[in-house]
Trainee: 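Take a look at the following structure, please.
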There are 2 protein chains.
Amino acid sequence: MVDRRSRARRTTMNDVARVAGVSSASVSYALTGAPGVSDELRERIRAIANELGYRPSLVAQGLKTGRARSIGLLLTDITNPFYTEIAAGAVAAAGDLGYEVLISHVGLGQDAGGDDADDAGAARLATVARAHIDRYSSGLLLTSLLARDQPLLAELRRTHVPAVQLYRRVPGEPSDWVGIDDHAAAGEIINHLLTTGRRHIAVLGGQRSSYASAAREAGFVDALSAAGLQPANPDQGRWGDISRRSGLERARELFARGTPIDAVACGNDLIALGVLDACREDGFAVPDDVAVTGLDDMSFASVGPLQLTTVTVPRELIGRRGVQMLFRRIEGDSGPPVEEVLPHQLRPRDTT
Amino acid sequence: MVDRRSRARRTTMNDVARVAGVSSASVSYALTGAPGVSDELRERIRAIANELGYRPSLVAQGLKTGRARSIGLLLTDITNPFYTEIAAGAVAAAGDLGYEVLISHVGLGQDAGGDDADDAGAARLATVARAHIDRYSSGLLLTSLLARDQPLLAELRRTHVPAVQLYRRVPGEPSDWVGIDDHAAAGEIINHLLTTGRRHIAVLGGQRSSYASAAREAGFVDALSAAGLQPANPDQGRWGDISRRSGLERARELFARGTPIDAVACGNDLIALGVLDACREDGFAVPDDVAVTGLDDMSFASVGPLQLTTVTVPRELIGRRGVQMLFRRIEGDSGPPVEEVLPHQLRPRDTT
DNA sequence: ATGAAAGCGCTAACAC
DNA sequence: GTGTTAGCGCTTTCAT
């Protein structure tokens with residue numbers, strides 16, 4: 001085996017036991033703090049373990065206990081700063097609880113491609129999730145779930161794998177979730193746009209099968225309706241990926257179509273940045289010719305000359321609360337699903 | 001045990017063997033594709049495994065083989081888009097090779113705080129690295145190493161844990177590395193600034209103990225010297241964290257000091273964004289009053305009105321190559337350390 | 001207070 | 001071609 005040759009053998013609990021002249025059970029007791037050894041022996045064993053540079057094998061421990069003492073955080077796109085800010089919060093909170101967070105970048109397929117065409121995305125996500133489970137992950141933090149991921153969530157529930165959804169959620173699944181009131185947030189954006197005199201507002205949302213995106217779209221449309229208006233662009237143009245590229249491409253189309261437009265309300269910040277790219281490309285002045293709004297307030301939404309009007313959400317807190325909710329489940333709480341709505345706030349800046 | 005109660009028992013290889021009426025060895029052979037079973041039996045076993053929803057325990061596999069078939073990617077700050085773009089490349093490349101990438105956000109201490117004061121940072125990094133090792137990670141991808149992390153690198157070498165350094169590197173350690181020619185890149189920035197008529201150039205670099213930051217600082221200074229100039233700010237003002245906050249704070253100080261300055265050359269993009277924030281705050285026009293340059297070309301360095309002059313580096317490729325280099329080592333290659341210098345390119349944009 | 005021993009679920013000799 | 005078996009390094013009864 002390549003292994004045994006290339007890798008120096010680890011110091012094991014048995015090595016420690018041998019040197020200390022005790023059984024491995026005593027070593028286990030001593031090191032884990034369990035009762036069963038005298039303080040004196042405990043100290044002696046600790047010293048020897050230390051001396052030998054012993055570190056317990058988390059793999060053996062995991063196999064024995066069935067738990068890895070780690071939680072998995074699945075990121076659809078690690079390149080999206082909004083989610084990495086959530087991740088930072090999650091890691092900090094888990095650290096406080098003595099757990100590790102192992103992050104996976106799911107990649108391709110999820111936020112890309114058509115709305116339903118990509119079962120590949122669902123499959124990939126499920127594969128990554130199962131890999132964490134097969135490593136005996138104590139629980140899963142899921143971001144960016146789409147309707148098509150419902151079977152995965154159901155599987156997790158059936159197999160009693162603790163999981164909480166962050167930000168996005170699959171409707172109808174009895175699962176814990178932390179996020180914001182997307183419908184309200186979107187409404188506030190529209191009202192702000194209305195207040196500043198905009199009337200020809202195009203809507204560039206996320207994926208139709210994303211609950212959050214759908215809620216935002218509805219929030220945009222409803223607020224517009226309340227003012228006797230409707231989006232300046234047709235329904236099918238309103239859905240797409242929540243990426244900068246998609247924002248750019250859809251804005252180009254929108255501008256090329258020549259429909260009169262004085263604002264673009266985007267489903268998230270990334271889309272809005274793409275729209276800003278398109279404005280620059282096509283020579284539209286923001287906000288004079290056209291206003292642009294985002295939603296999320298990721299940190300790069302406001303940098304120097306770039307000052308996107310958006311809705312800020314407590315990113316770190318989402319991560320922290322998610323971890324705490326997950327912990328309840330890991331510890332055995334089997335109460336009804338908790339859905340926690342965190343506060344958001346409109347951030348008017350320079351693009352409106 | 002909370003475990004066994006709350007979690008349905010997994011289907012094991014033994015379950016499959018029992019149902020198939022064969023030994024677990026045959027199941028193992030059948031499923032791993034090893035010889036030792038007839039095609040017929042193999043198929044039957046596969047079908048049953050499938051039927052039962054059997055998935056091998058990666059933990060048991062790991063304990064047995066000593067390898068987890070996963071690689072660990074340590075990110076100092078998952079919130080820094082430059083590194084997440086590298087991460088995306090690494091994940092893609094590892095996927096091609098049938099490995100998983102488990103990402104850790106090291107957090108606090110690393111890129112924050114003083115230069116040496118924070119041994120806490122080194123300790124935290126080492127802890128995270130060891131956690132991966134104790135999970136039998138096949139190898140480690142390390143980013144953002146500082147001089148103080150040399151002991152960790154030495155430990156990895158001693159214990160034969162394959163590791164490659166991405167972008168930053170600890171000098172003097174015989175370890176694989178992929179990155180760019182920092183000194184040259186910094187020089188090109190200065191020459192560009194000089195060409196556009198700037199003469200009072202302040203330098204806002206990264207940490208003194210970061211090899212890359214030091215090389216860049218030297219590149220800045222050397223290019224300035226070649227033109228008979230020197231940085232407009234004193235040496236001690238040139239070092240700091242590679243964060244937006246640090247850029248903002250140091251720029252404020254710089255501007256407050258009142259030294260005549262017509263350009264700020266930053267050690268990376270994040271610092272430059274902070275400087276841009278300060279310019280906006282203090283009413284400095286960019287580039288008319290002052291030019292600002294970055295280094296890295298992370299994707300958010302150019303968005304709509306934000307068009308930072310910087311040096312672009314092949315981010316995804318760094319991740320990909322890193323994984324490939326790591327693989328050589330995992331497969332047993334024990335040749336001399338490889339240092340791969342990837343191309344970079346000046347990207348003049350609107351801040352100069 | 002301490003030790004012996006039985007697994008956790010898998011792989012890899014080694015028998016047959 | 002197929003089965004038996006001995007661990008991998010731990011935790012945890014159960015004896016002593």
Side-chain angles (χ1 to χ4, degrees), chain A residues 1-5 7-45 48-49 52-69 133-136 138, chain B residues 1-5 7-46 48-49 52-69 133-138:
Chain A
M1 238 159 51
V2 177
D3 235 69
R4 306 258 163 268
R5 261 189 300 117
R7 206 103 140 194
R9 202 179 70 79
R10 294 174 59 97
T11 300
T12 73
M13 189 172 260
N14 265 322
D15 297 333
V16 178
R18 198 174 315 117
V19 172
V22 298
S23 74
S24 64
S26 295
V27 176
S28 178
Y29 296 145
L31 265 25
T32 60
V37 284
S38 61
D39 290 357
E40 189 186 20
L41 180 55
R42 190 186 300 275
E43 256 331 299
R44 203 163 65 79
I45 289 176
I48 290 172
L52 262 41
Y54 168 72
R55 291 201 313 267
S57 158
L58 298 178
V59 177
Q61 237 168 228
L63 181 59
K64 182 64 194 176
T65 64
R67 283 291 170 81
R69 286 193 76 78
I133 296 167
D134 295 345
R135 293 210 150 72
Y136 297 180
S138 304
Chain B
M1 235 159 50
V2 176
D3 235 72
R4 306 258 164 269
R5 261 189 301 117
R7 207 102 141 192
R9 201 180 69 81
R10 295 175 58 99
T11 300
T12 73
M13 189 172 260
N14 266 322
D15 297 332
V16 177
R18 197 173 317 116
V19 173
V22 299
S23 75
S24 66
S26 295
V27 176
S28 178
Y29 296 144
L31 265 27
T32 60
V37 284
S38 60
D39 289 358
E40 190 185 18
L41 179 57
R42 190 187 299 275
E43 257 330 300
R44 203 163 66 80
I45 289 175
R46 280 212 176 122
I48 291 170
L52 263 41
Y54 168 73
R55 291 202 312 267
S57 158
L58 298 178
V59 177
Q61 239 168 227
L63 182 59
K64 180 64 193 178
T65 64
R67 284 289 170 82
R69 286 192 76 79
I133 296 168
D134 296 344
R135 293 209 147 72
Y136 297 179
S137 178
S138 304

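A quick note: this is a predicted structure, and the numbers were derived from the prediction, not measured.
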Trainee: Just compare D:dG9, C:dA12, C:dT11 and give me whichever is closest to any side-chain atom of B:Ala25.
Mentor: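 For the B:Ala25 side chain, the nearest candidate turns out to be C:dA12.
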
Trainee: Mapping A:Val37 and B:Ala60 to their closest nucleotides on DNA chain C, which lands nearer the 5' end?
Mentor: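 Counting from the 5' end, the first nearest nucleotide belongs to A:Val37.
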
Trainee: Base, sugar-phosphate or nothing for A:Pro35? Non-hydrogen atoms, less than 4.0 Å.
Mentor: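 Since no nucleic acid heavy atom lies under 4.0 Å of A:Pro35, the category is nothing.
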
Trainee: Using OP1 and OP2 only, check whether a side-chain N or O of B:Ser57 sits under 4.0 Å from C:dG9.
Mentor: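 So the side-chain polar atoms of B:Ser57 never come under 4.0 Å of the phosphate oxygens OP1 or OP2 of C:dG9.
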
Trainee: Anything under 3.5 Å between a donor and an acceptor, one on a side chain of residues 54-61 of chain A, the other on a protein residue two or more places apart or in another chain? List them.
Mentor:
residue: A:Arg55; atom: NE; partner: B:Asp134; partner atom: OD1; Å: 3.1
residue: A:Arg55; atom: NE; partner: B:Asp134; partner atom: OD2; Å: 2.9
residue: A:Arg55; atom: NH2; partner: B:Asp134; partner atom: OD1; Å: 2.9
residue: A:Ser57; atom: OG; partner: A:Val59; partner atom: N; Å: 3.3
residue: A:Ser57; atom: OG; partner: A:Ala60; partner atom: N; Å: 2.9
residue: A:Ser57; atom: OG; partner: B:Tyr136; partner atom: OH; Å: 2.9

Trainee: At 4.0 Å (heavy atoms only), tell me whether B:Thr12 reaches a base, stays on the sugar-phosphate, or touches nothing.
Mentor: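 The residue B:Thr12 makes sugar-phosphate contact but no base contact.
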
Trainee: C:dG9 C1' sits how many Å from B:Leu58 CG, rounded?
Mentor: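 Computing the B:Leu58:CG to C:dG9:C1' distance gives 11 Å.
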
Trainee: Output yes when at least one side-chain N/O atom of B:Gln61 is less than 4.0 Å from OP1 or OP2 of C:dG9, else no.
Mentor: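 No, B:Gln61 has no side-chain N/O under 4.0 Å of OP1/OP2 on C:dG9.
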
Trainee: Counting side-chain heavy atoms from C-beta on, which of D:dT2, C:dT2, C:dG9 comes nearest to A:Ser38?
Mentor: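 That would be C:dT2.
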
Trainee: Looking at A:Ser28, does any N or O in its side chain come under 4.0 Å of the phosphate oxygens OP1/OP2 on D:dT11?
Mentor: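 Affirmative; the distance criterion is met.
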
Trainee: What is the distance, to the nearest angstrom, from the CG atom on A:Asn14 to the P atom on D:dC10?
Mentor: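 Atom CG in A:Asn14 sits about 8 Å away from atom P in D:dC10.
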
Trainee: Could you check how far CE of A:Met13 sits from P of C:dA5, rounded to whole Å?
Mentor: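 About 18 Å, once rounded to whole Å.
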
Trainee: Go through the structure and list residues passing side chain to side chain contact (heavy atoms under 4.5 Å, CB included) with B:Arg46, not counting sequence neighbours.
Mentor: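 Once residues adjacent in sequence are excluded, the partners of B:Arg46 under the side chain to side chain contact (heavy atoms under 4.5 Å, CB included) criterion are B:Leu31, B:Arg42, B:Glu43.
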
Trainee: How many whole angstroms separate atom CD of A:Glu43 from atom C1' of C:dA1?
Mentor: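 Answer to the nearest Å: 16 Å.
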
Trainee: Looking at B:Arg135 and A:Ala68, would you say the former's side chain and the latter's main chain have a donor-acceptor pair under 3.5 Å?
Mentor: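 It does hold such a pair.
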
Trainee: Give the rounded distance in Å between these two atoms: CZ of B:Arg135 and C1' of D:dC8.
Mentor: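 Result: 17 Å.
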
Trainee: Provide the closest heavy-atom pair for B:Val37 versus B:Ser26 in the form atom of the first, atom of the second, distance.
Mentor: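 Minimum heavy-atom contact is CG1-O, 3.9 Å.
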
Trainee: Between A:Tyr54 (OH) and D:dG9 (P), how many Å, whole number?
Mentor: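 Result: 10 Å.
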
Trainee: With side-chain contact (heavy atoms from CB on, under 4.5 Å) as the test, would you mind laying out the steps for A:Arg44 and A:Leu41 before giving the verdict?
Mentor: CA-CA 5 Å; A:Arg44 203 163 65 79; A:Leu41 180 55; 3.7 Å; yes

Trainee: Quick check: any donor-acceptor pair below 3.5 Å linking the side-chain of B:Tyr29 to the base of D:dG3?
Mentor: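 Checked by distance alone, the answer is yes.
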
Trainee: Once you round to the nearest 0.5 Å, how far does CZ of B:Arg18 lie from CD1 of B:Ile48?
Mentor: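 Going from CZ on B:Arg18 over to CD1 on B:Ile48, the span is 12.0 Å.
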
Trainee: Looking at C:dG9, does its base get a donor-acceptor pair with the side chain of B:Lys64 below 3.5 Å?
Mentor: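 No pair found.
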
Trainee: Heavy-atom nearest nucleotide on DNA chain D for B:Ser26 versus A:Arg55: which residue maps closer to 5'?
Mentor: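 On the 5' side of the pair lies B:Ser26.
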
Trainee: In this structure, how many angstroms lie between the C1' atom of D:dC8 and the CZ atom of B:Arg67, rounded?
Mentor: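 Distance check: B:Arg67 CZ to D:dC8 C1' gives 14 Å.
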
Trainee: Output the single nucleotide from D:dG1, C:dC10, C:dT2 whose closest atom is nearest the side chain of B:Pro56.
Mentor: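 Nearest to the side chain of B:Pro56 among the choices is C:dC10.
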
Trainee: Take atom CZ of B:Arg10 and atom C1' of C:dG9, then tell me their distance rounded to the nearest Å.
Mentor: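 Going from B:Arg10 (CZ) to C:dG9 (C1'), I get 9 Å.
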
Trainee: What's A:Val22 touching, base or sugar-phosphate or nothing? Going by heavy atoms closer than 4.0 Å.
Mentor: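 It contacts sugar-phosphate atoms only.
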
